[in-house]
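We name chains A, B, ... by the order of the sequence lines, and we start the count at 1 in each one.
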2 protein chains.
Amino acid sequence: MLSIGQLSKQTGVKVTTIRYYEQQGLIAPPHRSDGNQRRYEPDTLKQLRFIKHARDLGISPDAIAQLIDLSTDTDKPCSAADEIARQHLKTIQDKIACLQRLEKELIRISSKCTGKRVGECYVIQSLSDHGLCFEEH
Amino acid sequence: MLSIGQLSKQTGVKVTTIRYYEQQGLIAPPHRSDGNQRRYEPDTLKQLRFIKHARDLGISPDAIAQLIDLSTDTDKPCSAADEIARQHLKTIQDKIACLQRLEKELIRISSKCTGKRVGECYVIQSLSDHGLCFEEH
DNA sequence: GTAATATCTATAGTCACTAGAGGTTGGGAA
DNA sequence: TTCCCAACCTCTAGTGACTATAGATATTAC
């Protein structure tokens with residue numbers, strides 16, 4: 001049996017966040033000690049690591065709840081789980097592409113700054129005038 | 001003189017967001033009509049485009065406020081503005097690097113899915129077991 | 001003049017947590 | 001065994017950057 005603090009240390013998920021996940025239904029309410037403190041089965045470690053890992057990958061709590069639902073019914077086809085992963089992959093790739101465009105523009109902007117006076121500062125000028133951009137965002 | 005709706009249409013910033021920016025001090029409170037509706041000078045178009053452009057680049061409202069402060073005093077050296085742009089470039093580049101690692105892992109995860117039963121689903125397995133990862137995140 | 005649309009303020013909701021107040025419990029040292 | 005303090009409890013409010021709603025008033029087109 002683990003206290004919430006031990007669970008927190010061993011998973012890297014903050015105590016308050018663990019309670020939040022319980023409240024949101026991502027993990028089941030655990031047993032309590034005589035003094036009403038949470039006491040977790042070691043299994044919860046695994047569940048919480050699952051959740052943390054998925055969150056680190058940027059998967060939304062909603063999608064994680066779906067995956068948990070799926071994983072409790074081990075006889076269902078896993079194409080739905082795969083679909084969630086693929087969906088997320090697409091989002092990630094879009095994000096990367098977008099950020100790379102921004103990167104390009106920021107490099108352009110800050111490489112042209114002469115560092116003299118704001119009146120002639122390329123950073124502020126180019127942020128004021130969208131037309132200076134090479135591409136849309 | 002522009003109404004808030006016209007300003008919104010011409011900049012792509014939502015009406016409610018324009019009022020929010022005013023409340024946050026990003027744009028100055030405009031004159032009002034006899035009936036108390038906001039009436040903007042055409043100049044505000046430029047300011048709001050500046051803000052939108054910077055927000056699209058992911059620059060925080062706080063940083064934008066700093067840039068606006070800078071740009072009102074056109075005799076200051078613009079190195080501070082450049083610093084904000086560079087700082088932001090670094091954040092973007094970190095984000096890109098991180099997302100690319102996630103991308104790699106998601107590709108690995110979802111390419112191994114056999115599509116049979118959840119019990120043997122690689123997506124759920126590998127999300128449960130961080131040890132299957134090739135790299136940390 | 002009337003009807004439709006736009007605008008006003010003020011308040012509450014969103015997401016995914018995080019922080020704090022004020023009180024109780026658990027476990028090791030004296 | 002008693003004490004102490006860190007860890008825990010619940011409940012509420014705060015974060016950031018908006019978004020949405022309600023109910024009232026203004027503007028505009030016909």
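- Of the two residues near DNA chain C, B:Arg32 and A:Ser33, the one whose nearest nucleotide lies more 5' is B:Arg32.
- Between B:Ser8 and B:Val13 the shortest heavy-atom distance is OG-O, 2.8 Å.
- A:Arg38 and A:Tyr40 make their closest contact through CD-OH, 3.0 Å (heavy atoms, listed as atom of the first residue, atom of the second, distance).
- Between chain A and DNA chain D, the heavy-atom contact criterion of under 4.0 Å yields a 5' to 3' nucleotide range of D:dC8 to D:dT10.
- Along DNA chain C, read 5' to 3', the first and last nucleotides having any atom under 4.0 Å from a heavy atom of chain A are C:dA16 to C:dG26.
- Closest heavy-atom contact between A:Ile51 and A:Ile64: O-CD1, 3.9 Å.
- Of the two residues near DNA chain D, B:Asp62 and B:Asp34, the one whose nearest nucleotide lies more 5' is B:Asp62.
- B:Gln10 and B:Arg49 get closest at one heavy-atom pair: O-NH2, 3.1 Å.
- Looking at heavy-atom distances under 4.0 Å, A:Arg38 makes contact with sugar-phosphate atoms alone, never a base.
- B:Val15 approaches B:Ile4 most closely through the heavy-atom pair O-CD1, 3.8 Å.
- Shown here for A:Gly12 and A:Lys52, the closest heavy-atom pair between the two residues is O-CE, 3.8 Å.
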Chi angles and distances behind the side chain to side chain contact (heavy atoms under 4.5 Å, CB included) call for B:Thr44, B:Leu2: CA-CA 9 Å; B:Thr44 317; B:Leu2 300 155; 6.0 Å; no
Trace of the side chain to side chain contact (heavy atoms under 4.5 Å, CB included) decision for B:Arg55 with B:Tyr21: CA-CA 12 Å; B:Arg55 288 297 294 129; B:Tyr21 285 159; 3.6 Å; yes
